[in-house]
Amino acid sequence: MSETVAELTSGGGAALPLGAYSRPKGGGGWRDWVTTVDHKKIGILYGGTALFFFGIGGFEALLIRLQLATPNGTVVGADLYNQLYTMHGVTMVFLVIMPLAAAFANYLLPLQIGARDVAFPRLNALSFWLFLAGGLFLNSAWLMGDAPDGGWFAYAPNTGVTFSPGHGMDFYAIGLQIAGIASLISAMNLIVTVLNMRAPGMTLFKMPVFTWMILVVQFLLLFAIPVITVALFLLLFDRNFGANFFNPEMGADPLLWQHLFWIFGHPEVYVLILPSFGIVSEVIPTFSRKPLFGYEFMVFSGIAIGFMGWGVWAHHMFVSGIGPISVGAFTLSTMFIAVPTGVKILNWMATMWGGKIRLTTSMLFATGVVSMFTIGGLSGVTHAVSPADTQQTDTYYVVAHFHYVIFGGALLGFFAGFYFWWPKAFGHLLGETLGKWNFWLMIIGFNMTFGPMHILGLNGMSRRIDTYSPGFGFEFWNLFATVGAFVIASGVACFALNVILSARRARGLPPEPPDPWDARSLEWFTPNPTPVHNFDEVIEVSTLDEFWHRKWTTDENGKVVRKATAEEVCQKGDATDVHLPSPSYWPVVLAAGMPLIGFGLLYNLWICVPGTMLVLTGIYAWVFEPPDDPDGPFGDGHGDHGDHGDHGGESSGDESSSEREAASVE
Amino acid sequence: MDHDQGSHGTGTGISNNKLLMWVFLGSECLLFGGLISAYLINRGRFHTGPAPGDIFDIPFTSVSSFVLLMSSLTMVLALSALQRGDIRNNRIWLLTTALLGSLFIGGQVYEFTSFLREGLGYTTSPFSSAFFTLTGFHGIHVSVGIVMLMSLVISSYRGTLTKKNSETVEIVGLYWHFVDVVWIFIFTVIYLVPSPTS
Amino acid sequence: MSTETAADLEAGAGHEHPTDAKYVQIAILLAVITAAEVSTYYVDIGPILIPALMVMMVVKFFYVAAWFMHLRFDSILFTRFFVTGLILATAVYCVFLTVFEFWSKG
């Protein structure tokens, strides 16, 4: 299809249709970050933003714990308490864990499959900016004095206008809609990327487990986000246009909300955990110097979790009156889903067994995931047993369960990922000493905070209450948990300190040499930090753990012997002829319009006008902007495209073929 | 032939853009499924206002459904024309598709306003809210499709829509056919399957 | 398959194309089925009404998807994505309707 390439070449310099602006040039500075379409920068943007929201959500958590430290607490009133625990949940789930997964997925996935970028770089940027827009919109509710207060699960009819007057729940609905679009677009993008842009020789079953888990997550998002989209629209319409979806006075069944929410919500929890499972599946083999035990089982169990996750949602509704047959059916399906997860836990342990363990900070966090998630999974199994769950539900036992799996599982996994891939992204290692302080303070604090909640819950402490009376036996463990929360905070502070100090230490020094961990997958082929063009040359893949097998081989006795050093195998990073997609203004423009539309719907419809104009301008300018800038800093290597194997990123790597229409002068 | 316009160098040999549209359509099944299910459990909840069995005008809706169905034919004829390099007929068929789509929307508007006159408003009952939300979402999807079709028509007039980028028409066509297919489902399940009466 | 142009043949493996005449034929078929569906409004066919409507709906669905959306001629991957979404939606929402006792209480 050389004619397509020729069109791109000739189109770049031809008259621009509709007087569209030429695309911004790259080159550094804040404008570079705002207009970037580079998956690595987008990944870093996701990570930084997520950590910012982590600070906010953590602060909300500390206020909650201060309020609950003593009976009849007076730190915050009931109203504010409701807003705090709602926003803590919404923030942590949607603005921290999901974007942290997106950070790692965006940065690593193209590298792990040997690609130059994702299939749709501008859509990728749009996803980030929409996430930021949604997150800021949601949190702007605090500034309006009216944060959402119906819990992160927003059960109707409590969240209708009768019981939640004020705009809080509208911020919830609109903010999450905006963020939801981001995730949906990203899911579509990454699915196409994995299917279409793998390096030559990389069959699906040679992809790293991390890539596989991300792929499963994208399918979960693809099919689950539309369900919560429906739910949020129905809530919005009930609240603002007088619809009757959840209004019992008009004869509606509010349980509709719970079903729609949890049909989304249960696949969502697998969205939260699978990326960390993927990270752990990279970290543990590296620091055990052993291949992952049972690769196929790890992949298939991930897929199985993805499938089965659709059949268990009503286990969140065991006491909502759905009737014994439904309860029984969902009890069964929920019990079954423990199996594939158990497979993973056993495989990680089997990987470590007999391996040469290096307890780096990353490895510590990874083992933390395995152990803490096991505890959370066990409490989950007790929830599956519906008669037991009837006792546990709406108590602190549930709070313990999901914090063990989300904090102990997902979050610790991301920290393992930070310590592992920090040199790849930033060119220097995070400090190990401070890292160990980070780990131990976090895991001790975490167990201090959430361990006792199992006891509190079984002793009858209700969840979602702003305070409790003395004399029920809740005092000691609540105080203990609050102390634990501050221990967690100090652990997080260690991480922040580590980030700052290690950057300072590395200033002026040459970057970390390639492959500091003696790792296994393709991203380690590049120097640190990853060059903007990713790979100098396309890598031909012949096996799983390709990078490892270029360095190590087995001799006649079956002993593992060195074949080449990392320096010999790794690329130099100095290629100058890789054609990169040009940056673009329009994703951020489009995203900026969405919160304006949101504010307009809430306060004054006129505000929707500039919002809509921004969105429409963004869309049309995007569709009609020229494909790639031949004068851009990365040069125009159009002539020698025939040599490059990474075509997947080029002519089809750009967006709609209407770009070609813009480029071609017929 | 230019079927593989966007597929140059892709791992599956399929165009990225076309794959993106199919992936998106997969997710849309869950969206419309949710709206349809929300309707189905609410179709019997109308203690205020008219019942579906009393208010639906099957003959009228049959005509507008037929119109939308035929627009799928004109859509595919538009694509076929462009793939032959026949830019003029491509434009004519695209315009016809947009016209038929607009006719469908016009029919929807007429249907909604007559329902309104007969006492079925958006807020009248759970049935009414669910009905208008479902058909409203579908109507918005059709309208967005019409906008895309007109954008293609404009490109055609400007000379930038040719056989070389017929894949764009194909992708818009996929979206259009999907919206039609959703209506096939809605027409049968919501209108033709007998509804409760008061 | 009906007549293909030389351009069709040079396209490469598996790229058969229905002709315009074929598309019109399918449209006529769809119209006929629609007419049959609508006729159930006027003619009482008893308890097979709903199964008959479902069958006709599925047939129309199939023809639009397979022919107009070109699924039967394209890569099987597209079909897989679409069918996965369809089956998942159908399964999940049918379970949902069951929990709401839709089948018994309508």
Side-chain angles (χ1 to χ4, degrees), chain B residues 1-4 7 12-14 18-19 21-23 25-34 36-37 40-41 43-44 58-59 61-63 65-66 69-70 72-77 79-81 83-85 163 170 173-174 176-178 180-181 184-185 187-189 191-196, chain C residues 5 7-13 15 17-20 23-24 26-28 30-31 34-35 37-38 40-42 49-50 53-54 56-58 60-61 64-65 67-71 73-75 77-90 92-94 96-97 100-102 105-106:
Chain B
M1 219 26 175
D2 298 74
H3 295 297
D4 53 341
S7 61
T12 53
I14 304 170
K18 201 159 145 185
L19 187 56
M21 177 53 81
W22 274 112
V23 167
L25 294 182
S27 86
E28 287 264 84
C29 294
L30 273 294
L31 184 92
F32 279 105
I36 292 171
S37 303
L40 288 176
I41 61 156
R43 68 176 192 157
I58 303 298
T61 315
S62 307
V63 172
S65 305
F66 178 76
L69 198 56
M70 290 303 112
S72 263
L73 170 65
T74 55
M75 183 74 230
V76 87
L77 290 176
L79 175 64
S80 159
Q83 284 171 335
R84 284 190 309 265
K163 183 167 147 175
E170 188 177 4
L174 287 175
W176 188 263
H177 295 305
F178 178 76
D180 182 28
V181 139
I184 290 175
F185 196 92
F187 179 55
T188 308
V189 170
Y191 289 91
L192 291 181
V193 169
S195 307
Chain C
T5 63
D8 283 310
L9 290 169
E10 108 194 30
H15 271 302
H17 248 349
T19 57
D20 284 11
Y23 286 134
V24 172
I26 296 192
I28 292 174
L30 292 171
T34 309
E37 282 182 311
V38 173
T40 64
Y41 177 68
Y42 297 103
L49 172 65
I50 293 184
L53 283 175
M54 292 295 120
M56 288 189 277
M57 174 185 82
V58 167
K60 282 166 73 176
F61 200 108
V64 172
W67 289 84
F68 286 173
M69 296 172 92
H70 215 246
L71 274 180
F73 305 101
D74 276 335
S75 162
L77 203 61
F78 297 141
T79 305
R80 287 195 182 133
F81 272 109
F82 190 50
V83 167
T84 303
L86 266 179
I87 291 182
L88 187 67
T90 308
V92 166
Y93 289 121
C94 277
F96 161 81
L97 290 173
F100 264 88
E101 298 175 306
F102 172 74
K105 294 192 183 154

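Scope of the values below: all heavy atoms of this structure, side chains included, with no hydrogens, waters or symmetry mates.
- In this structure, chain C has heavy atoms under 4.5 Å from both the backbone and the side chain of B:Ser72.
- To the nearest 0.5 angstrom, B:Ile184 atom CD1 is 6.5 Å from C:Leu30 atom CG.
- Note: C:Ile28 CD1 to B:Met70 CE = 8.5 Å, rounded to the nearest 0.5 Å.
- Using a 4.5 Å cut-off on side-chain heavy atoms (C-beta onward), B:Lys18 and C:Asp74 make contact.
- Within the 4.5 Å cutoff, the side chain of B:Pro194 has heavy atoms near those of the C:Leu49 side chain.
- What you find for B:Leu30 and C:Gly85 is that their closest heavy atoms are CD2-O, 3.8 Å.
- Both the backbone and the side chain of C:Val24 come within contact range of chain B, each with at least one heavy atom under 4.5 Å from a heavy atom of that chain.
- Counting heavy-atom pairs closer than 4.5 Å to chain B, the top-ranked of the candidates C:Phe78, C:Phe100, C:Phe81 is C:Phe78.
- What you find for C:Ala31 and B:Leu69 is that their closest heavy atoms are N-CD2, 4.4 Å.
- Residues B:Cys29 and C:Ala89 approach most closely at O-CB, 3.7 Å, considering heavy atoms.
- Using a 4.5 Å cut-off on side-chain heavy atoms (C-beta onward), C:Met57 and B:Val189 make contact.
- Of the listed residues (B:Ala81, B:Gly173, B:Ser80, B:Ser195), the one with the most heavy-atom contacts under 4.5 Å to chain C is B:Ser80.
- Taking 4.5 Å as the limit, some side-chain heavy atom of C:Asp20 sits within range of a side-chain heavy atom of B:Arg84.
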Next on the checklist: Between B:Leu79 and C:Phe68, is the side-chain contact (heavy atoms from CB on, under 4.5 Å) condition met? List the steps.
Outcome noted: CA-CA 10 Å; B:Leu79 175 64; C:Phe68 286 173; over 6 Å; no
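- Heavy atoms only, all atoms of each residue included: B:Gly33 and C:Tyr93 are closest at C-CE1, 3.3 Å.
- The CZ atom of B:Phe178 lies 5.5 Å from the CZ atom of C:Phe82; values are rounded to the nearest 0.5 Å.
- With values rounded to the nearest 0.5 angstrom, C:Leu71 atom CG is found 8.0 Å from B:Leu174 atom CG.
- The side-chain contact (heavy atoms from CB on, under 4.5 Å) test with B:Thr188 singles out one residue from C:Thr34, C:Thr40, C:Leu53, and that residue is C:Leu53.
- Considering CZ of C:Phe102 and CG of B:Leu40, their distance stands at 4.5 Å, rounded to 0.5 Å.
- At least one side-chain heavy atom of C:Phe96 sits under 4.5 Å from a side-chain heavy atom of B:Ile41.
- At least one side-chain heavy atom of C:Met69 sits less than 4.5 Å from a side-chain heavy atom of B:Leu25.
- Only the side chain of C:Ile50 comes within less than 4.5 Å of a heavy atom of chain B; its backbone N, CA, C and O stay farther away.
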Next on the checklist: side-chain contact (heavy atoms from CB on, under 4.5 Å), that's the test. Do C:Val38 and B:Phe66 meet it? Break it down for me.
Outcome noted: CA-CA 10 Å; C:Val38 173; B:Phe66 178 76; over 6 Å; no
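- Using a 4.5 Å heavy-atom cutoff, the side chains of C:His70 and B:Val76 are not in contact.
- Judged by distance alone, with hydrogens and angles left aside, the side-chain atoms of C:Tyr41 form no donor-acceptor pair with the main-chain N or O of B:Leu192 at under 3.5 Å.
- Under a 3.5 Å cut-off, the side chain of C:Tyr23 and the backbone N or O of B:Thr74 do not form any donor-acceptor pair.
- With chain C as the partner, the residue from B:Ser27, B:Ser65, B:Gly85, B:Pro59 showing the most heavy-atom pairs under 4.5 Å is B:Pro59.
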